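One structure is given here, and the rest of the page talks about it.
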Amino acid sequence: MARLVAADVPDGAYVNLGIGIPELVAQFVPDGREVIFQTENGLLGMGPAPVLGTEDPELINAGKKAVTAISGAAYFHHADSFAMIRGGHIDICVLGAMQVSAEGDLANWSTGEADAIPAVGGAMDLVAGVKKIFILTEHTTKAGEPKIVACCTYPLTGKAVVDRIYTNLAIIDVTAEGLAVREVAPGVSFAEVQEKTGAKLTDERQIPKTSGVNKDL
Amino acid sequence: MARLVAADVPDGAYVNLGIGIPELVAQFVPDGREVIFQTENGLLGMGPAPVLGTEDPELINAGKKAVTAISGAAYFHHADSFAMIRGGHIDICVLGAMQVSAEGDLANWSTGEADAIPAVGGAMDLVAGVKKIFILTEHTTKAGEPKIVACCTYPLTGKAVVDRIYTNLAIIDVTAEGLAVREVAPGVSFAEVQEKTGAKLTDERQIPKTSGVNKDL
Amino acid sequence: MINKRAASVAAAVADIHDGATVMIGGFGEAGSPIELIHALIDHGARNLTVVSNNTGSGRVGLAALIANGQVAKMICSYPRSTNSMVFPELYRKGCIQLELVPQGTLAERIRAGGAGIPAFFTATSVGTVLAKGKELRSFSDRDYVMEYGLRADFALVKAEKADRHGNLVYNKTARNFGPIMCMAARTAIVQAKEFVEVAGIDPENVVTPGIFVSRVVVVAQPAQESQLVKEGRCYP
Amino acid sequence: MINKRAASVAAAVADIHDGATVMIGGFGEAGSPIELIHALIDHGARNLTVVSNNTGSGRVGLAALIANGQVAKMICSYPRSTNSMVFPELYRKGCIQLELVPQGTLAERIRAGGAGIPAFFTATSVGTVLAKGKELRSFSDRDYVMEYGLRADFALVKAEKADRHGNLVYNKTARNFGPIMCMAARTAIVQAKEFVEVAGIDPENVVTPGIFVSRVVVVAQPAQESQLVKEGRCYP
């Protein structure tokens, strides 16, 4: 999945990767493309994990893991970092999801349970400010419940913010007309994707897959 | 006059000097005091004018004159510079005046004439944001009209912003009870100061001159 | 002569009063001023409102300050992380208040406080529970919430180098909240690894100009939170 | 591979369209991107709204752009200075519009535009004619006016060094509006004295990260406005 996302990131894009699975996208940037990764804790030009033993506890990513800085990187403070995010300067943000709705609402920060410790971090800033929001997630929960739903039941991270969803079963665009399946995984049928989805899908596999996404970045 | 202002600037103060006569204050800082001058175009730690022939057109003050930077100076962009000013971080600003009212209103940017080119620069930001506003001015206009008036007739730079006025005749504090004369120039009487002033003054020369000004900086 | 150097971490935090609002720098352990926080624990000021992105981990640093019962309220974006149990426990018991703020809004509120801006509008959190009760307003057909500038009585910040004017540079991503917290606090207290001559920082490279800093104390070899947690350390 | 270097000043400004809003850096001559402005004169785009602190001097640079009839409106704080006659003359004739903005409000509006903030409150200008018609609001018993974020289609900025990513450093007080104008413009066009390898700027010392910059053109020996004015030069 991370490889499919990476294939849709154009040369020269500025990209923020959410904590967890989305971080894997950095490993799959196709040869010949230069993509600049931002981490909201204050670094543009984040490089791969450091060689074991050379970690610097003061050079970390938003997931608080040790990283490196590429040549041409820049450090900045938090207000400048979020000015970058909230001012619409980042091209793509790849995030995980608990639920995504047919309208592109995203829930990925809280189960809303009474005794949960609420913790939001930068998720609401990213979905409000970044030009394109890509979701990278398993198609269903571990219990088999759909994550793509008509209406989110968990507290929202943002309303109508998601542009595209990459799952283990399909690539789905959030369009003004609803959820449009652009691609399905090998051996998976459109019917199966629909069955495991809590919202109506349309089959738009004939449209070339990169059509609507990259051209206006 | 500039010497009297400088005497009231405490050690360690951060000071912004307006264009023109106020710039002279920097030359009269008493020995043993370290005062840091800010210029709103982006320098904290402004030093004296450079030696002739060593001017750098990219190292100037708000009056667009060549200056130098002291050891321990810092350069920053305009939004950071005005954050410093508007956020209340500068202790004292010394400005010229066209008119000052009994309530401390200041007019120093425009005559309000119909065909004048209006130009405000940073004056309104300085009076709104700096902790103490000192005015350094001739007591009257060249035509002999009072500059200290009951009510300004020129367009205001700010309302109720002036703390103290230094003129060739007197040092006057703007207090909740009105204008209080703290000191008169040698050979000048209180009556003469009052005569050349367009607002009521009270004679409070018995009160030690630095009483109300420096202690809370 | 200006010399903002304080003799010790204890002297640097001595005037933090009960009920003070204290901003504490750091994103996780990066930039966390552990020695200043420990001095604040020794000092004992209580009923504090603390503004910090996280709530600390293990039983050292910010987590220890909270465990010691000195913090009445946290204003933060992410009070949950690996090895964070002190805050969750007290929060579930109702012993500590929480104002949860999106990370960018938190940063912008601190910067606004330091820049003399009482309030501003942002698209972040619109349509979510964190916008509940907040003023909504539309500009060019998009909705925004109004957020308030945030100031503090004190800031505790970790820097890499400082001079006697209080000019600072930071180390890599440990910069995070330091510069804006120095701006937003009436008294910014900084622990720096190194104290340099005033000519020791190029004016082009100063990150925090000294005007925003009240005190500097040298902590040449600051502890790393993750290391202390790994060793199972507790403070005090 | 990312390479933002443009072949010439002409190529760098080629897509500036009639009616565009263009931010132009500089405080007086310090930081004024004269060569880019002259390229814009050659290019000929008209009916521009220009955001710049001043209005230029003599008959070169920004003053020449105005004299050439390309600017419909100026948004600035100080359209009057020694050797400034072009703007005053056109303004008195009613041939050019002026939106006068206090300098700090201008800077903050540009920064807000770049940071995604549609509006904010400031104490600057309260009680003056520049607050006329603006929304007033009280916070903690003090009055503030609401000001709007400012964006632009293009910014023309002068820097000292740039790399192929568009990372920038500036020279002394020529930094002024450059960093915030790069943030607020959809297309930021930079003339730099020197083009360096990507490793040539320490990541700790980058002032404008490349994300805010679209194009860089090298002008190794930029003209100084005051020198051109002294020589009585006119452009074109």
Side-chain angles (χ1 to χ4, degrees), chain B residues 19 39-43 46 55-69 73-88 103 105-107 109-110 112 114-129 152 154-161, chain D residues 27-31 53-55 57 76-82 84 87-88 91-92 98 100-112 114-115 122-131 143-144 158 160 170-181 183 207-208 224-227:
Chain B
I19 297 169
T39 178
E40 62 264 33
N41 53 314
L43 167 61
M46 179 173 64
E55 298 90 347
D56 180 343
E58 297 196 325
L59 177 47
I60 60 175
N61 67 9
K64 294 172 184 132
K65 286 208 277 274
V67 295
T68 52
Y75 297 109
F76 32 81
H77 65 57
H78 247 67
D80 281 351
S81 182
F82 280 89
M84 214 173 261
I85 290 167
R86 293 150 61 111
E103 275 81 44
D105 297 352
L106 173 66
W109 72 284
S110 167
D115 75 333
I117 306 299
V120 65
M124 288 186 183
D125 306 290
L126 286 162
V127 300
C152 297
Y154 292 136
L156 294 189
T157 309
K159 275 189 83 69
V161 294
Chain D
F27 176 85
E29 67 173 329
N53 192 62
N54 306 103
T55 53
S57 63
C76 74
S77 90
Y78 208 84
R80 193 176 68 196
S81 39
T82 336
S84 164
F87 177 85
Y91 180 73
R92 287 205 181 89
L98 170 65
L100 188 73
V101 183
Q103 197 171 332
T105 296
L106 182 63
E108 191 63 31
R109 288 181 64 191
I110 294 168
R111 192 250 172 210
T122 175
T124 295
S125 91
V126 169
T128 78
V129 294
L130 294 192
D143 286 340
Y144 297 83
K158 183 186 187 185
E160 188 70 7
Y170 300 84
N171 182 37
K172 305 185 184 78
T173 58
R175 186 183 303 194
N176 58 66
F177 284 92
I180 51 177
M181 287 182 169
M183 288 172 67
V207 175
T208 293
Q224 276 303 328
E225 190 179 278
S226 54
Q227 188 59 33

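As the structure is a prediction and not an experimental result, all values here were calculated from the model. Labels below follow one simple rule: chain letters A, B, ... track the order of the sequence lines, proteins then strands, and each chain is numbered from 1.
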Greatest number of heavy atom pairs closer than 4.5 Å to chain B - which of D/A112, D/G28, D/P79: D/P79

For the CG atom of B/N41 and the CG atom of D/N176, what is their distance to the nearest 0.5 Å? 7.0 Å

Heavy atoms only, distances under 4.5 angstrom: which of B/L59, B/L156, B/V120, B/I85 has the most pairs with chain D? Name it, please. B/V120

Chain B heavy atoms under 4.5 Å from D/T105: which part of the residue, side chain, backbone, both or neither? both

Show the numbers, then the answer: is there a side-chain contact (heavy atoms from CB on, under 4.5 Å) between D/E108 and B/F82? CA-CA 8 Å; D/E108 191 63 31; B/F82 280 89; over 6 Å; no

What part of B/S110 gets closer than 4.5 Å to chain D, counting heavy atoms only: side chain, backbone, both or neither? neither

Can you say whether D/L98 sits under 4.5 Å from chain B via the side chain, the backbone, both, or neither, judging by heavy atoms? side chain

Counting only non-hydrogen atoms closer than 4.5 Å, does B/D80 touch chain D with its backbone (N, CA, C, O), its side chain (CB onward), both, or neither? neither

B/R86 CZ to D/T124 OG1 distance, which is reported to the nearest 0.5 Å: 4.0 Å

Grab the two heavy atoms, one from D/Y78 and one from B/G121, that are nearest each other, plus how far apart they are. CD1-N, 3.5 Å

Let me confirm one number: the CG-OG1 distance from B/D56 to D/T173, rounded to the nearest 0.5 Å. 7.5 Å

The interface call for D/Y170 against chain B, heavy-atom contacts under 4.5 Å, is neither

Between B/A79, B/P118, B/A107, which residue shows the highest count of heavy-atom pairs closer than 4.5 Å to chain D? B/P118

State, to 0.1 Å, how close D/A30 and B/P57 come at their nearest heavy-atom pair, and which atoms those are. CB-O, 3.6 Å

Shorter than 4.5 Å, heavy atoms on both sides: which option in D/A131, D/A107, D/S125, D/P102 has the most such pairs with chain B? D/P102

Among the options D/V207, D/I110, D/L130, pick out the one with the most heavy-atom pairs lying under 4.5 Å from chain B. D/L130

Got a second to check how far B/S81's OG is from D/R175's CZ, nearest 0.5 Å? 11.0 Å

Apply side-chain contact (heavy atoms from CB on, under 4.5 Å) to D/N54 and B/K64, showing your working. CA-CA 11 Å; D/N54 306 103; B/K64 294 172 184 132; 2.9 Å; yes

Just how far is it from atom CD1 of B/I117 to atom CG of D/L100, taken to the nearest 0.5 Å? 10.5 Å

Below 4.5 Å from any heavy atom of chain B, which atoms of D/F27 appear? Answer side chain, backbone, both or neither. both

Straight-line distance of D/K158 NZ to B/E58 CD, nearest 0.5 Å: 4.0 Å

Between D/V101 and chain B, which part of the residue has a heavy atom less than 4.5 Å away: side chain, backbone, both or neither? backbone

